[in-house]
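Atom set for the values below is all heavy atoms of this structure, side chains included, hydrogens, waters and symmetry mates excluded. Protein chains get the first letters and strands the later ones, always in sequence-line order, with residue 1 at the start of each.
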Amino acid sequence: MIYNILLSGVGGQGILLAAKIISKAAELAGYEVTAKETHGMAQRGGSVMAQIKFGEKVHSPLILEGTADVLASLEHIEAIRCAHYLKPGGLAVVAKQSVIPVTVSCGNAKYPQDVEERLNKLFSNLKYCDCVKEALELGDVRLANTILIGMLSNALPLPMECWEKAIEGSVKPATVKANLNAFARGRVIS
Amino acid sequence: MKKLYSGNEAIARGAFEGGVTATFGYPGTPSTEILENLVQYSKQGVYCEWSPNEKVALEAAAGASIAGARTITTMKLVGLNVAADPLMTLSYIGVVGGMVIVVADDPGQDSSQTEQDTRHYARLAKIPVLEPANAAEARDFVIKGFELSEKYGCPVILRTTTCVSHSRSLVEEREPRERNATCFKSNVQQFVPLPIWGRKLRVKVEERMVAQAAEACTSPMNEIIENGSELGIISHGVTAAHCIEIFPEASILKIGFGWPFPDELFKSFAAKVKRLVVIEEGDPIMEEHIKSLGIACEGKGLVPRCGELTPAKLYAIKQQLYPEQTLPQLPSIVEEAGDLPARPPMLCAGCPHRGLFLALTKFDVIVSGDIGCYSLGVFPPLNRTDTILCMGAGFTIAHGMQKAGEQKKVVGIVGDSTFFHSGITGLLDVVYNKGNSTLIVVDNRITAMTGHQEHPGTGTTLMGEPTKSASIEAIARACGMERIRVCNPYNQAETIAIIKEELEADEPSLIISRAPCPLHVRKPMGPARVIDDERCVNCKLCLRCGCPAIEVGANGRPSINPTACNGCGLCDQLCKLGCIAPSK
């Protein structure tokens, strides 16, 4: 059995750090892990995707469409763009966050106004939360991605101590406590 | 102990464990992180450098190898085009210390202008190519590459792809081998390929390939995963790894050492299976050869030629292979995603290139651009690039157009790192041959696109040592360029005035648009801007600079995202009513 997790968002949101934490937690739990990042131009505001797979034996680092156990996204339309990767009934975790692309600000494209309806229609098993607001309440907008990890963590067979160790080993020492808090906050969001 | 390594980190680790002494490269996605990771071993005596370009890097690595050291050189696919000249001759004169040329291909063109298949270069240069499927193999194959290189006295190409370079998997760390002693032994009949000796070297190359092909047949880098005889698949690198998951019912010959071709292995595998399919990412190199051996197989009739061979594409091949079985359809992109706005990469908030391109929108000129962050000047709303060819061609395309009698004035742009890479010869051409193009170096003081690597103009080496900083102005003057202007691209009035004066000159001229990349400097340039909503008439002039910090929300009015704004002040200068100001 291989677990497939797909993360999506916009360059600069912390998707790659989230991928690092999840893959580290799976590694600590004793699984074979692969993690593929799309980050060629990530810093420049493009769409970013990360794919994590873990199990007894993993060959390919890429997830086949329709087989992701979890889809987690820090941005509305980036969740919709990757919806076809999720298996039927799989868990979708989406942050209530719209990042307006320049294509929209220039007037060359429109950002959909009905994103929440689309998410509800697409995902039968949806966790939807204003991670940015939650992060600001915890004192730092950059904790949004750790809240997202907390939200998806229950869907994966990884023990709490592995999550905690993975966070401790992946974030700056000064922010470990804040990130552990953010993870705990995310874990209880239903 | 096993640790998660990306393919690129594992290549660096493999070079270190394999006893590498000196490493050379030029940044290029997806290869850049290899040297960035190798530099951590400089404390243990590994020499690491960013060379000005890939040709220089490969030649320097050749020198290190001929002196006896193990060496690697790293580049992206198109970098090997630049380095092709020394590669071809190096294959003849050969090497002494193990030399691995790491070339990162980019199937799917995530961040490259072409999708060329580096295996062609291995055939052309008549040297082995190794193709790891994951990080653990990447580490192992670098070490095996050193061993093959020393055994046969020729360089070896390690071909990785974006999917291998940028995916992580578990790698067991091992102790490093002792480094070779460096001691050059002169032998002109080997190291000087004058025709009299070159003809003898030519024969040795052919003999060497016969031995290498025999070794490839038994090499553990080529592996058979047996699963019955109904279907056999020959694949390579990470594509073979995808095949193992998509075709669990098939026997798979997973090729990691595919050139010189392991003919006997192809034949024996083909004899074991009833139906043979060759699944290659890129060109049908193995397929055409296998067919030439008289072996019946299927290939590019089923397998897409273009793009990355993703699991979904392999699944589509499977559906074609078994038309009688109705395999379930894969979900395609959902209907709800059909009208979503694209999110292309763009110049960052506060990018100095934005000011230069914005100034260029005032002029009816042709803009010949180049490779770097500033390639993004092509996108709306700036739309200020007309052509891009390759590193350094920003200058030379402009020169050629002008010499052909193009009526419009042509502006040629290169970046600072690109100027040192291959812009200098173009500038020399313009001056020497009496062109009158306006050349611009967009100098943001770093190799930015690939993630901020040092270059000859930054005053720092890859190993963090202070060094001489090459002057673009002094180089241009030495080439005979007499009109040299420097502008601050954040100052629109100044930049526009300078461009206007230089376009009017009837002689070659160079503008250096100079301001450091704010992402590299890592501090805001000023307080975030705010739009005075009461005075804003929603004319949207501020949107003309295409800054990602200026957003148009649901109310249709522009506003500035304070966490995204870098405080560069460019938009202040666009607002005719003066209603954009620093926040207090």
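Per-residue counts of heavy-atom pairs under 4.5 Å with chain B were compared for A:Q113, A:E78, A:K121, A:K20; the largest is that of A:E78. With respect to chain A, the highest number of heavy-atom pairs below 4.5 Å among B:P311, B:A240, B:A241, B:P341 belongs to B:P341. Looking only at heavy-atom pairs under 4.5 Å with chain A, the residue among B:A133, B:P328, B:S332 that has the most is B:S332. The residue among B:L543, B:V334, B:L314 with the most heavy atom pairs within less than 4.5 Å of chain A is B:V334. Top candidate by heavy-atom pairs under 4.5 Å with chain B, chosen from A:P101, A:A109, A:A19, A:P112, is A:P101. Per-residue heavy-atom pair counts under 4.5 Å with chain B were compared for A:I77, A:I63, A:I100, A:N108, and the maximum is reached by A:I77. In terms of heavy-atom pairs under 4.5 Å with chain A, the best-connected choice from B:V164, B:T450, B:I333, B:T162 is B:I333.
A pairwise comparison of heavy atoms in A:E65 and B:L330 identifies O-CD2, 3.5 Å as the closest pair. Closest approach of B:P548 to A:V102, counting heavy atoms only: CA-CG2, 3.6 Å.
With a 4.5 Å cut-off on non-hydrogen atoms, B:D339 touches chain A through its backbone and its side chain both. The contact between A:K24 and chain B is made entirely by backbone atoms, counting heavy-atom distances below 4.5 Å. Of the two parts of A:I52, neither the backbone nor the side chain holds a non-hydrogen atom closer than 4.5 Å to a non-hydrogen atom of chain B. Looking at B:E308, only its side chain comes within 4.5 Å of chain A, counting heavy atoms on both sides. Proximity to chain B is limited to the backbone of A:Y31, based on heavy atoms less than 4.5 angstrom apart. Contact of B:L170 with chain A is made through backbone and side chain together, with heavy-atom distances under 4.5 Å. Heavy atoms of B:C243 lying under 4.5 Å from chain A are absent altogether. For A:V141, no part lies near chain B; criterion is any non-hydrogen pair under 4.5 Å. Heavy atoms closer than 4.5 Å to chain A are found nowhere in B:P30, neither backbone nor side chain. Residue B:L347 does not touch chain A at all, counting heavy-atom pairs closer than 4.5 Å. With a 4.5 angstrom heavy-atom cutoff, A:L122 touches chain B only via side-chain atoms. A:E117 does not touch chain B: none of its heavy atoms, backbone or side chain, sits under 4.5 Å away.
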Would you please test B:D110 and A:T38 for side-chain contact (heavy atoms from CB on, under 4.5 Å) and show each step?
-> CA-CA 8 Å; B:D110 266 13; A:T38 306; 4.0 Å; yes
Applying side-chain contact (heavy atoms from CB on, under 4.5 Å), run through B:L4 and A:S23 and close with a yes or a no.
-> CA-CA 8 Å; B:L4 272 174; A:S23 50; 3.8 Å; yes
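Counting heavy-atom neighbours within 6.0 Å of A:E137 CD, excluding the residue itself, gives a total above 12. Atom CD of B:E173 has more than 12 neighbouring heavy atoms from other residues, nucleotides or ligands inside a 6.0 Å radius. Summarising the local packing, CZ of B:R544 is surrounded by 12 or fewer heavy atoms from other residues, nucleotides or ligands at distances under 6.0 Å.
Summarising the geometry, atom NZ belonging to A:K36 is positioned 9.5 Å from atom OG belonging to B:S165; distances are rounded to the nearest 0.5 Å. The distance from atom NZ of B:K540 to atom SG of A:C106, rounded to the nearest 0.5 Å, is 11.5 Å. In this structure, the separation between OH on B:Y315 and OG1 on A:T67 is 11.0 Å, given to the nearest 0.5 Å. The CD1 atom of B:I246 sits 12.0 Å away from the NE2 atom of A:H59 when rounded to the nearest 0.5 Å. Taking CD1 from B:I550 and OG from A:S105, the interatomic distance works out to 8.5 Å, rounded to the nearest 0.5 Å.
Between A:E32 and B:K2 there is no salt bridge, since none of the side-chain N atoms of the basic residue sits less than 4.0 Å from a carboxylate O of the acidic one. Salt-bridge annotation for A:E27 and B:K3: absent, with no side-chain N of the basic residue lying under 4.0 Å from a carboxylate O of the acidic one.
Proximity of a side-chain donor or acceptor of B:R343 to a complementary backbone N or O of A:S47 within less than 3.5 Å is not detected. Judged purely by atom type and a 3.5 angstrom limit, A:T103 uses its side chain to pair as donor or acceptor with the backbone of B:A342.
Between B:E245 and A:V58, the closest side-chain pair of non-hydrogen atoms falls below 4.5 Å. The shortest side-chain heavy-atom distance between B:H242 and A:L62 falls under the 4.5 Å cut-off. A heavy-atom distance below 4.5 Å is found between the side chains of A:P61 and B:C163.
Just one of A:H76, A:K110, A:R81 meets the side-chain contact (heavy atoms from CB on, under 4.5 Å) condition when paired with B:L340; it is A:R81.
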